[in-house]
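So you know, we letter chains A, B, ... as the sequences are listed, proteins then strands, and number each from 1.
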Amino acid sequence: MLYEVLMIGVMVGAIYTLITIGYSMVYGVLKLMNFAHGDVYIFGTLMTYTLLAKNQWHPALAILLAAVAGGLLAALVEIVAYRRLRAAQHRMISMITALGAAYVIQNLSELRWGNQVLPFPSLFPSKQLMVMGHAVSLTHLVTLVIAVGVIAVFNIFLKRHKMGKAILCVSEDISTSSLMGIPINRTMSTVYFLGGVLGVIGGVLYSSSYGAVSLGMGFRGTVIAFTAAVIGGIGSLGGAMIGGMILGISENIISVYVSSTFRDPITFLILIAILLIKPTGIMGKVEQGKV
Amino acid sequence: MPEGTVHEAEVHAVLSARSKPRSNGTIKKKVVGLSAALVIALVLPQVVTNTYWLGLLNFLIIYSILCLSLNLILGFTGLLSLGHAAFYGIGAYTTAILMTRYHVGFLPAMLASAMLALVFSLFLGIPASKVRGDYFTLLTIAFGEIFRLIAQAWIGFTGGAMGIVGIPIPKVFGMPIRTETQFYYLGLILLAITFVCLTIIVQSRIGRALIAIREDELAAKSMGINTPWYIIMAFTIGSFFAAVAGSFLAVYQTTVTPSNFRLEESCLMIIMVIVGGMGNLWAPLAGVLIMTLATEMFRSLAEYRMLIIGGIMMLVLLFRPQGIFGSSAFKD
């Protein structure tokens, strides 16, 4: 029993990591709580739902299209809601416009798909495999492999590709990067785009492994991603992974052994406890402020 | 006071760009404006006798108290709190439970509610004051969610999704409050107390310290302002008055349900403050008036409610961040 719970926990953790990386990266670059993240990825997931269940597309094609659409939507949010405010205003102001953007996207998705729970088709055949003497569902295993694969590819992109390096530079210091000739606006849009793409992939994997999707998962996703990012240490890839795993595993243990009602409250209590003990998160570095 | 090293002049130096010299003329204008507003507020229920409009006025009062208190946190200290509805809810639930189950009078129940909100905000404020602004927002979201889930799940204590019904008629100094008009005057007194308290706070050195924190937390800190102390103070005072509003809501509605205190409600308060103008004592009241009337007018567009709310949030902040009546936008 515990083994299965942990296995599902690791899978959910990997999915959360995907969603959190997109979020944490945006935070690292812009130092901005992106409220629209969850609503963007739920938009992409709902779009995948329509393409798969209604239009009978091939899953790979459907996910690709939805991920690109989600990425473009995220980039659009950046251009419309944040770009103007980036330099001049108090940080809080862009947080509120982000919240506004989240509401707009949420309402538009609601007009199209409603807010009831929709049955999400399973992407993989439901089979049980035997791994080291324990039954493991194929869906969970494949989901885990895909999530880890995407994270690995993304990590290589950040370290090796020119754009990835630019993203790392911008998250270090915007003005110096700009002086070195890095196109700030294009980098920002790319970060948002990639965040949206990773979020949609995570959302689709989550929905397919639970067989359901609903609009309400959007805002919860934003909060979970931020919580995981903060727990792990914001802006760090390893931190996103640790945070995502902690949340995924603890959530499943609580749901099974305590009650699913207390899943979110206990998650938040973990957050409060970690912020009390180590305000920068587990992997976070202390940031020196400048006057 | 733990911030013995603060030099008033230095705080002023931070704010020099904003502080305007006060002449006799502006004070006179303010006195005239204030008395005019008071007279209008006092005679309003004699003119407006329609129950529907009186009910609307009472909700205007509730939201005014909420937005004035939120403005202390949001507008003056520059902290985005998405948990204001939870403190509003703590006030409402505490009053409801004390009055229905323990037959406590309204005023003691209200005071107890506000004190409880104060205690909770202190518990939340201590970790929140240690971390950066965005984490503060996350903590308030987390707190709001915990509150909502407890209100929904702890059925034996909070009545679950059905809430608490049959809250008795409040008595203030032996006088029962029954009609809409009586509630209006009770609410008006509470609003006036809130307004006066917040005005005194904002115009004192506390207010100046809060504004200094908003403008530049690090600079404020290096000038000797004990920033965590002031952040906690702003947060607890704001929550205290939110609970007062909740207490009034409980006796006015005679029921409380968890749906009154969702995250959406916190967002609505934020919009009211933004539309009016953050960091201005009067402006949130204008925001409350505009947004309440707009919500009533566009009731048929309920389907597009969030689209409109979100759209207004973005448009106002992108094109007029100081709000409609605010005088100057605050900058980082």
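- Of the two parts of B:Leu79, only the backbone, made up of N, CA, C and O, holds a non-hydrogen atom closer than 4.5 Å to a non-hydrogen atom of chain A.
- The part of A:Leu111 that comes within reach of chain B is its side chain, from C-beta onward, which places non-hydrogen atoms under 4.5 angstrom from that chain.
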**Test log, rule side-chain contact (heavy atoms from CB on, under 4.5 Å), inputs B:Thr77 and B:Tyr230** = CA-CA 9 Å; B:Thr77 323; B:Tyr230 279 107; over 6 Å; no
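- Counting all heavy atoms, side chain and backbone alike, A:His37 lies closest to A:Ile19 at NE2-O, 3.0 Å.
- Only the side chain of B:Ile270 comes within less than 4.5 Å of a heavy atom in chain A; its backbone stays farther off.
- Ring geometry for B:Phe143 versus B:Phe120: interplanar angle of 30 to 60°, hence tilted.
- Atom OG1 of B:Thr140 and atom CG of B:Leu263 lie 8.5 Å apart (nearest 0.5 Å).
- Using modelled atom types and a 3.5 Å distance limit, the side chains of A:Tyr82 and A:Asn34 yield a donor-acceptor pair.
- Looking at B:Glu265 and B:Arg262, no side-chain N of the basic residue comes within less than 4.0 Å of a carboxylate O on the acidic one, giving no salt bridge.
- If you measure heavy-atom distances from B:Gln152 to chain A, you find no contacts under 4.5 Å at all.
- Between chain B and the residues A:Val230, A:Thr97, A:Ile96, the largest count of heavy-atom pairs under 4.5 Å involves A:Ile96.
- Classification of the A:Tyr206-A:Tyr210 ring pair by plane angle, with boundaries at 30° and 60°, yields tilted.
- For A:Thr267, no part lies under 4.5 angstrom from a heavy atom of chain B.
- Contact annotation for B:Phe147: neither backbone nor side-chain heavy atoms come within less than 4.5 Å of a heavy atom of chain A.
- When heavy atoms are compared at a cutoff of 4.5 Å, B:Ile274 approaches chain A solely by way of its side chain, counted from C-beta outward.
- When heavy atoms are compared at a cutoff of 4.5 Å, B:Leu80 approaches chain A by way of both its backbone and its side chain.
- Proximity to chain A (any heavy atom under 4.5 Å) is shown, for B:Leu307, by both the backbone and the side chain.
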